[in-house]
Amino acid sequence: MRTPIIAGNWKMNNTIKEGLALVEDIKSKKLDSNVEKVVCVPFTLLKDVKEVLKGSDIKLGAQNMHWEESGAFTGEVSPLMLNDIGVDYVIIGHSERRQYFLETDQTVNKKVKSAIKHDIKPILCVGETLEEREEGKEKDVIKGQIENGLKDIENIDDIVVAYEPIWAIGTGKTASSDEANDMIHFIRKTIGDLYGKSSDKIRIQYGGSVKPSNISELMGKSDIDGALVGGASLKAEDFKDLINFKIGG
Ligand code: PGA
């Protein structure tokens, strides 16, 4: 049995004051203890949010990191710095980082390896563009991102993969639950070809306009183990409803 995992990706939103108010609000709600919950907050909020989360079962995530431990990499944050704060998860290779900051499968692979080495669980994001889907290339694209992103990794058990079709992110357009499940099943098979039976254990989320009104249908599918949520994770009430998809809001 794979434990469902709902992760909020706050992206570049919230000042310290706003972020702390949001996380206090989330923490005060009754949340399903059988669902793993993660908030991935901006770097400036990590330390303070960690304090607020003490005594709760909500995990802390960062949205990016460099693969090196230290050095001349102006503007970057290292895995040791995330360890210092006690970060549990880190999002790697989000499509916005690939698109605007030119991250490649090769740098993504270095980051995934470094996160595992430093005991930070990576949430590896993959996804195709609308153009790629319209040309019928979506499976080739995802296969390439998975094979290159997960190359030469010793233990994949703690990796979470998030399938986020780029055309569904922040657009209000969700992939249908069947489309999402079909691709996630394909991702599991691709990982199985690389790493054998461990692929049964790996959790694969769907991401892209997930909201309280579509979470139950998505989570009802055979291969979808959770969601990576942008917009709807910025409202405590919506985030609660997403986490409580099984027991109702
Ligand atoms: P969205 O973002 O839920 O706002 O579509 C998802 C993501 O980018 O992780």
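Start at 1 and go down the list; that is how both ligands and their atoms are numbered.
Close contacts of ligand 1 with Gly208, meaning ligand atoms under 4.0 Å from a residue heavy atom, involve 5 (O). Atoms of ligand 1 found under 4.0 Å from any heavy atom of Asn9 (numbered from 1 in listed order, with element): 9 (O). Atoms of ligand 1 found under 4.0 Å from any heavy atom of Lys11 (numbered from 1 in listed order, with element): 2 (O), 7 (C), 8 (O).
If you check which protein heavy atom lies closest to atom 3 (O) of ligand 1, you get Gly230 N, 2.8 Å. Closest protein heavy atom to atom 9 (O) of ligand 1: Glu164 OE2, 2.7 Å.
Distances between N or O atoms of Gly231 and those of ligand 1 include at least one value under 3.5 Å. No N or O atom of Ile169 sits closer than 3.5 Å to an N or O atom of ligand 1. Inclusion of His94 in the set of residues having an N or O under 3.5 Å from an N or O of ligand 1 is warranted. Note: no N/O pair closer than 3.5 Å links Gly207 and ligand 1 by distance alone.
With no hydrogens or angles considered, a side-chain donor-acceptor pair links Glu128 and Trp167 at under 3.5 Å. Side chains of Glu179 and Tyr206: a donor-acceptor N/O pair is absent below 3.5 angstrom, by distance only. Side-chain atoms of Lys111 and Asn64 form a donor-acceptor pair, as typed in the model, at a separation below 3.5 Å.
In this structure, the side-chain hydrogen bond (donor to acceptor under 3.5 Å, both in side chains) partners of Thr15, at least two apart in sequence or on a different chain, are Glu18. Here Gln106 pairs with nothing under the side-chain hydrogen bond (donor to acceptor under 3.5 Å, both in side chains) rule; sequence neighbours left out.
By the 4.0 Å heavy-atom criterion, Ser209 is counted among the residues contacting ligand 1.
With respect to the salt-bridge test (charged N to carboxylate O, under 4.0 angstrom), the residues Arg188 and Asp223 qualify. Using a 4.0 Å cut-off between charged side-chain N and carboxylate O, Glu24 and Lys27 make no salt bridge.
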